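Read through the structure below, which is laid out as structure tokens, and then see the notes.
All values derive from a computational prediction rather than experimental measurement. Positions are given from 1, in the same order as the sequence printed here.
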Amino acid sequence: MLTENGLVVDVGPDGVRVETVRQNACSGCRSQAGCGQKMLAEIGQGQRFEISAANPSQLILQLGDRVELGIEEASFLQASAMVYLVPLLGLIIAAILTDTLGAAEPWVISAGVSGLLLGFGVVRWWTARGQSCRYVPQILRVIRL
């Protein structure tokens, strides 16, 4: 289970809004001195994000409570694959099919862009058709200091 700590900013009938602060894992990595990824990770470091979270355990929450959020790794990986791979596959498949039909390069490029946009549309439809609970972070526990 992937976990993250957050602060409750709103409690409503449709869910809980939790604010998290983006962190990166570079501070715990041994190769941070020679890694170019550290510079990219530091760009968004410290940004605050508000997300909706489910409260399946029906915990009594108040504004300002510190909570631990969690999401299953398999759900996270499936959603990541869907968001990144479907548009990319749409681009590649459309471009290959158009090229196989013997179309000129501008048509192949246009078909690739159309496949990419179609892929984005599929992802948007997939996310809008009713989010399954497994793709929504859940509040695991309240953190008492």
Side-chain angles (χ1 to χ4, degrees), residues 1-101 107-145:
M1 168 124 356
L2 301 172
T3 61
E4 179 71 38
N5 293 340
L7 182 70
V8 175
V9 293
D10 186 30
V11 179
D14 56 337
V16 180
R17 299 285 298 167
V18 179
E19 180 181 78
T20 62
V21 177
R22 181 176 181 182
Q23 302 292 329
N24 70 43
C26 291
S27 60
C29 180
R30 286 189 245 173
S31 16
Q32 62 180 309
C35 178
Q37 193 68 18
K38 180 181 181 196
M39 184 175 68
L40 291 174
E42 287 178 348
I43 292 172
Q45 174 105 4
Q47 286 183 332
R48 298 185 180 281
F49 294 97
E50 246 184 61
I51 59 171
S52 293
N55 187 4
S57 302
Q58 298 299 317
L59 299 170
I60 307 298
L61 299 171
Q62 299 174 356
L63 296 180
D65 281 348
R66 288 209 132 323
V67 293
E68 181 179 38
L69 301 171
I71 190 166
E72 291 293 332
E73 289 97 345
S75 299
F76 181 76
L77 289 174
Q78 182 182 14
S80 297
M82 184 74 170
V83 168
Y84 289 108
L85 289 180
V86 169
L88 184 60
L89 287 174
L91 180 144
I92 292 169
I93 291 170
I96 289 173
L97 285 175
T98 308
D99 188 50
T100 303
L101 294 173
W107 289 107
V108 174
I109 293 169
S110 296
V113 171
S114 298
L116 180 71
L117 295 175
L118 180 65
F120 285 137
V122 168
V123 170
R124 186 171 176 101
W125 168 80
W126 179 71
T127 57
R129 68 181 170 93
Q131 284 285 349
S132 171
C133 291
R134 60 184 258 181
Y135 300 115
V136 177
Q138 297 180 8
I139 296 175
L140 303 175
R141 66 184 180 97
V142 177
I143 300 171
R144 303 287 179 212
L145 298 176

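- The closest side-chain heavy-atom distance from Pro87 to Val123 is below 4.5 Å.
- Separation of atoms CD1 (Ile96) and CG (Leu89) is listed at 10.0 Å; rounding is to 0.5 Å.
- Interatomic distance, Ile92 CD1 to Leu97 CG, rounded to the nearest 0.5 Å: 12.0 Å.
- Residue-environment remark: CD1 (Ile60) stays at or below the threshold of 12 foreign heavy atoms within 6.0 Å.
- For the pair Glu4 and Ile71, the minimum side-chain heavy-atom distance is 4.5 Å or more.
- Smallest separation of non-hydrogen atoms from Pro137 and Ser52: CD-O, 3.9 Å.
- Annotation for Ala111 and Ala94: closest pair O-CB, 3.2 Å, computed over non-hydrogen atoms.
- A distance of 11.0 Å separates CD1 of Ile139 from CD of Glu68, quoted to the nearest 0.5 Å.
- Rounding to the nearest 0.5 Å gives a distance of 12.0 Å between CH2 of Trp125 and CG of Leu118.
- Without hydrogens or angle criteria, Glu50 side chain to Glu19 main chain gives no donor-acceptor distance under 3.5 Å.
- With rounding to the nearest 0.5 Å, the separation of CH2 in Trp107 from OG1 in Thr98 is 10.0 Å.
- Atoms OG and CD, from Ser80 and Glu73 in turn, are 12.0 Å apart once rounded to the nearest 0.5 Å.
- For the pairing with Leu69, the side chain to side chain contact (heavy atoms under 4.5 Å, CB included) check across Thr20, Asn5, Leu140 returns one residue only, Thr20.
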